[in-house]
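Below: the structure, in structure tokens.
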Amino acid sequence: QLTLVESGGGLVQPGGSLRISCLASGGTLDYYATGWFRQAPGKAREGVSCLSLDGNEYYTDSVKGRFTISRDNAKKTLSLQMNSLKPEDTAVYYCAVGFISRAATDAETYLNPDVMQFWGKGTLVNVSS
């Protein structure tokens, strides 16, 4: 079965940047929509960004213009470039993949944690001075 492992999290100052990555093993990312989700202390898990099978990018409003999602050419690594980080971005970030119909084009579907089938264990991003 597909295993996902995140890396790249850590402590960063407000306004700084981080790039977190997700490596797939036991399979590839070719069959799935792939995304990043996060959960801050005391808050529900939320979708951050997701990449559809057609290559469409979806972002939650709070990160638009600051975060960029991407996959490598081999479709085995998912990354999230995070710029202009804010304290409210502090959370455990999870890589996740799921089967989402190509007919779906709404961000609400792609950013819904409940539609994802495989999850990594998360990497902590702490934005603090």
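All of these numbers come straight from a predicted model, not from anything done at the bench. Residue indices begin at 1 and follow the sequence shown.
When all heavy atoms of Ala24 and Leu29 are compared, the pair lying nearest together is CB-CD2, 3.7 Å. Thr60 and Gly47 get closest at one heavy-atom pair: CB-O, 3.4 Å. Of all non-hydrogen atoms in Leu111 and Val48, the two that sit nearest each other are CD2-C, 4.0 Å. The shortest heavy-atom contact between Asn83 and Ser17 is OD1-OG, 2.9 Å. Annotation for Leu78 and Cys95: closest pair CD2-SG, 3.9 Å, computed over non-hydrogen atoms. The two atoms that bring Ala40 and Thr90 nearest to each other are CB-O, 3.5 Å, heavy atoms only.
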Test side-chain contact (heavy atoms from CB on, under 4.5 Å) applied to Asn56 and Leu51, step by step: CA-CA 6 Å; Asn56 296 317; Leu51 190 63; over 6 Å; no

Show your reasoning for whether salt bridge (Lys or Arg N to Asp or Glu O under 4.0 Å) applies to Arg38 and Asp89. CA-CA 9 Å; Arg38 67 185 181 187; Asp89 293 319; 3.0 Å; yes

Under the criterion side-chain contact (heavy atoms from CB on, under 4.5 Å), I'd like the reasoning laid out for Tyr93 against Met82: C-alpha separation, chi angles, the key distance, then a yes or no. CA-CA 12 Å; Tyr93 284 71; Met82 302 180 289; 3.9 Å; yes

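Note that CG of Leu18 is 10.0 Å distant from CG of Leu80, once rounded to the nearest 0.5 Å. With rounding to the nearest 0.5 angstrom, the CZ atom of Arg71 is 13.5 Å from the OG atom of Ser21. Here the CZ atom belonging to Arg102 is positioned 7.5 Å from the OG atom belonging to Ser52, to the nearest 0.5 angstrom. Note that CD of Glu46 is 5.5 Å distant from OG of Ser62, once rounded to the nearest 0.5 Å. Here the straight-line distance linking atom CG of Leu23 with atom NZ of Lys76 works out to 9.0 Å at 0.5 Å rounding.
Residues Ser128 and Leu11 have side chains in contact (heavy-atom distance under 4.5 Å, counting atoms from C-beta outward). Counting heavy atoms from C-beta on, the side chains of Cys50 and Met116 come closer than 4.5 Å. Residues Val92 and Thr123 have side chains not in contact (no heavy-atom distance under 4.5 Å, counting atoms from C-beta outward). The closest side-chain heavy-atom distance from Val127 to Lys86 is not below 4.5 Å. By the 4.5 Å heavy-atom criterion applied to side chains, Leu85 and Phe67 are counted as neighbours. Counting heavy atoms from C-beta outward, Ser49 and Tyr58 have side chains that stay 4.5 Å or more apart. Contact annotation: the side chain of Val97 approaches that of Leu4 to within less than 4.5 Å [non-hydrogen atoms, C-beta and beyond]. Using a 4.5 Å heavy-atom threshold, the side chains of Ile100 and Val115 count as touching.
A continuous path of hydrophobic side-chain contacts links Trp36 to Val12 [ILVMFWY only; heavy atoms under 4.5 Å].
A cation-pi arrangement is present between Arg45 and Tyr94 under the rule of less than 6.0 angstrom and at most 45 degrees off the ring axis.
Between Lys121 and Glu6 no salt bridge is recorded (no basic side-chain N to carboxylate O distance below 4.0 Å).
A donor-acceptor pair under 3.5 Å is formed between the side chain of Tyr110 and the backbone N or O of Ala104.
With 3.5 Å as the limit, one finds no donor-acceptor pair spanning the side chains of Asn112 and Thr109. Donor-acceptor pairing under 3.5 Å is recorded for the side chains of Arg19 and Ser79.
Between Tyr32 and Phe118, the two ring planes are perpendicular [angle over 60°; tilted spans 30° to 60°].
Less than 6.0 angstrom separates the ring centroid of Phe37 from the ring centroid of Trp119.
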